[in-house]
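Indexing begins at 1, ligand by ligand and atom by atom, following the structure's order.
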Amino acid sequence: DCWPNQGHMEVQGLTVKYTEAGRSVLSDISFSVEGGQSVGLLGRTGSGKSTLLSALLRLASTDGEISIDGVSWSSVSLHTWRKAFGVVPQRVFILTGTFRMNLDPHGRYSDEELWRVAEEVGLKSVIEQFPDKLDFQLEDGGNVLSNGHKQLLCLARSILSKARILLLDEPSAYLDPITLQVLRKTLKHAFSGCTVILSEHRVEPLLECQSFLMIEGSSMKSYDSIQKL
Ligand code: ATP
Ligand code: MG
């Protein structure tokens, strides 16, 4: 069970709509992402960055073909497909349950491992402030946490699940500069060799990406260097 191995993604003729009769937010877009590359995803507010990330996870209604390492999304179960991804959404909704359960839904890791990863993403001191620590029960979408902390929780979960492909939706909007440094370091260490798609409004947080996708209108352009943007 080693799929995906490279994390090479091919997208062909992807069209995404929210309703049958509605307009296409993305229309007939094609691009590919090399395995292990970091890709910056740019576009104005409302251009469809979050929509694209949802479509990659098969959360939106789509036409077109997506494959990862040659395996089509139509040939595997939804569960198998989504397991390939780690996701840090723009607005995080935390499931009702403990920190432990949110970090490790399948109960596969020791406390030691959970604390190590919590520390890596800068959440250790946050979790320690709650009574019961890892066993503290989060409710109402995790409202006791800031959105930035919820994003870090998603990042920690993605490290633990050993996702090959990481989708990050505008982390810089909610994270302060020091936390962004932590994120950058985590991407380098825990996700080295992984495919990363990082959505942002501005170019500055994308300086370490190797290629770029820009959404304009309902179409997409690819760039292989930041100078060409
Ligand atoms: P931002 O930079 O503000 O996060 P974005 O590039 O992520 O914007 P999307 O959230 O993908 O943009 O939205 C793209 C378009 O799709 C917008 O016109 C938006 O109104 C529409 N849209 C997004 N979510 C839905 C939804 N659940 N139902 C209907 N339309 C939606
Ligand atoms: Mg968005």
Side-chain angles (χ1 to χ4, degrees), residues 9-33 37-66 68 73 78 81-82 84-95 140-143 145-155 157-158 163 165-177 179-180 183-184 187 191 195-209 211-223 226 228-229:
M9 195 183 290
E10 287 283 344
V11 175
Q12 280 291 331
L14 183 72
T15 293
V16 190
K17 299 178 172 192
Y18 281 98
T19 56
E20 250 338 288
R23 71 171 185 110
S24 303
V25 176
L26 298 169
S27 178
D28 194 21
I29 62 169
S30 300
F31 61 93
S32 62
V33 175
Q37 257 194 357
S38 291
V39 181
L41 174 61
L42 286 153
R44 298 194 52 193
T45 296
S47 61
K49 300 180 295 300
S50 299
T51 301
L52 175 65
L53 299 182
S54 300
L56 295 178
L57 293 165
R58 291 169 69 178
L59 286 165
S61 144
T62 50
D63 276 329
E65 166 65 22
I66 303 181
I68 297 171
W73 65 350
L78 208 53
W81 183 261
R82 287 188 185 151
F85 294 89
V87 189
V88 179
Q90 189 168 12
R91 276 175 297 271
V92 182
F93 188 87
I94 297 293
L95 295 178
D140 304 317
N143 280 340
L145 299 174
S146 71
N147 199 72
H149 285 156
K150 290 186 218 177
Q151 288 182 313
L152 294 177
L153 193 61
C154 294
L155 186 67
R157 183 195 300 149
S158 303
I165 302 174
L166 182 66
L167 309 179
L168 294 149
D169 201 352
E170 277 184 51
S172 74
Y174 292 101
L175 304 179
D176 62 48
T179 313
L180 273 175
L183 171 66
R184 225 165 265 158
L187 291 184
F191 293 97
T195 305
V196 178
I197 301 183
L198 176 54
S199 148
E200 288 287 350
H201 282 128
R202 296 173 307 119
V203 175
E204 195 266 318
L206 303 177
L207 292 176
E208 283 162 56
C209 292
S211 68
F212 304 88
L213 299 168
M214 169 92 87
I215 302 177
E216 253 173 23
S218 59
S219 57
M220 164 97 88
K221 290 194 184 118
S222 301
Y223 299 89
I226 211 161
K228 296 183 186 157
L229 284 172

Do [X] and [Y] have side chains that approach each other closer than 4.5 Å (heavy atoms only, starting at C-beta)?
| X | Y | result |
| --- | --- | --- |
| W73 | L56 | no |
| L53 | S199 | yes |
| V92 | L153 | no |
| L52 | L14 | yes |
| V39 | F31 | no |

Next on the checklist: At less than 2.8 Å, would any N/O/S atom of Q90, backbone or side chain, sit next to the Mg ion (ligand 2)?
Outcome noted: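 Checking Q90: at least one N, O or S atom is under 2.8 Å.
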Checklist entry - Does S50 put an N, O or S atom under 2.8 Å from the Mg ion (ligand 2)? => result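 Given the 2.8 Å cut-off, S50 counts as a ligand of the Mg ion (ligand 2).
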Taking [atom] as the reference point, the nearest protein heavy atom with its distance:
| atom | answer |
| --- | --- |
| atom 16 (O) of ligand 1 | V25 CG2, 3.4 Å |
| atom 10 (O) of ligand 1 | S50 CB, 3.8 Å |
| atom 13 (O) of ligand 1 | T51 OG1, 3.7 Å |
| atom 26 (C) of ligand 1 | Y18 CD2, 3.3 Å |
| atom 8 (O) of ligand 1 | G46 N, 2.8 Å |
| atom 3 (O) of ligand 1 | T45 CG2, 3.3 Å |
| atom 4 (O) of ligand 1 | Q90 NE2, 2.8 Å |

Checklist entry - Which residue, V87, L187, I197, forms the side chain to side chain contact (heavy atoms under 4.5 Å, CB included) with L166? => result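 With L166 as partner, side chain to side chain contact (heavy atoms under 4.5 Å, CB included) holds for just one option, L187.
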Checklist entry - Taking non-hydrogen atoms only, is E170 closer than 4.0 angstrom to ligand 1 via side chain, backbone, both or neither? => result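 Side chain only; the backbone of E170 stays clear of ligand 1.
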Next on the checklist: Yes or no: does R23 have any heavy atom under 4.0 Å from an atom of ligand 1?
Outcome noted: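 Judged by the 4.0 Å heavy-atom criterion, R23 does count as contacting ligand 1.
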Item to check | Heavy-atom gap S47 to ligand 1 smaller than 4.0 Å | outcome: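 Judged by the 4.0 Å heavy-atom criterion, S47 does count as contacting ligand 1.
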Item to check | Polar side chain donor-acceptor pair, T51 to Y18, under 3.5 angstrom | outcome: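 Present: a donor and an acceptor within the cut-off.
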Next on the checklist: Under 4.0 Å from a heavy atom of G48: which atoms of ligand 1 are those, numbered in the order shown and with their elements?
Outcome noted: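 Contacts of ligand 1 toward G48, numbered from 1: 5 (P), 6 (O), 9 (P), 11 (O), 12 (O), 14 (C).
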Checklist entry - Taking only heavy atoms of R44, which atoms of ligand 1 are found under 4.0 Å from at least one of them? => result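 Taking each heavy atom of R44 in turn, ligand 1 has 6 (O) under 4.0 Å.
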Next on the checklist: I'd like to know if the side chain of E200 and the backbone of L206 have a donor-acceptor N/O pair within less than 3.5 Å.
Outcome noted: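 Checked: no pair found.
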Next on the checklist: Would you say CZ of R91 has more than 12 non-hydrogen atoms from neighbouring residues, nucleotides or ligands within 6.0 angstrom?
Outcome noted: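 Count not over threshold, so no.
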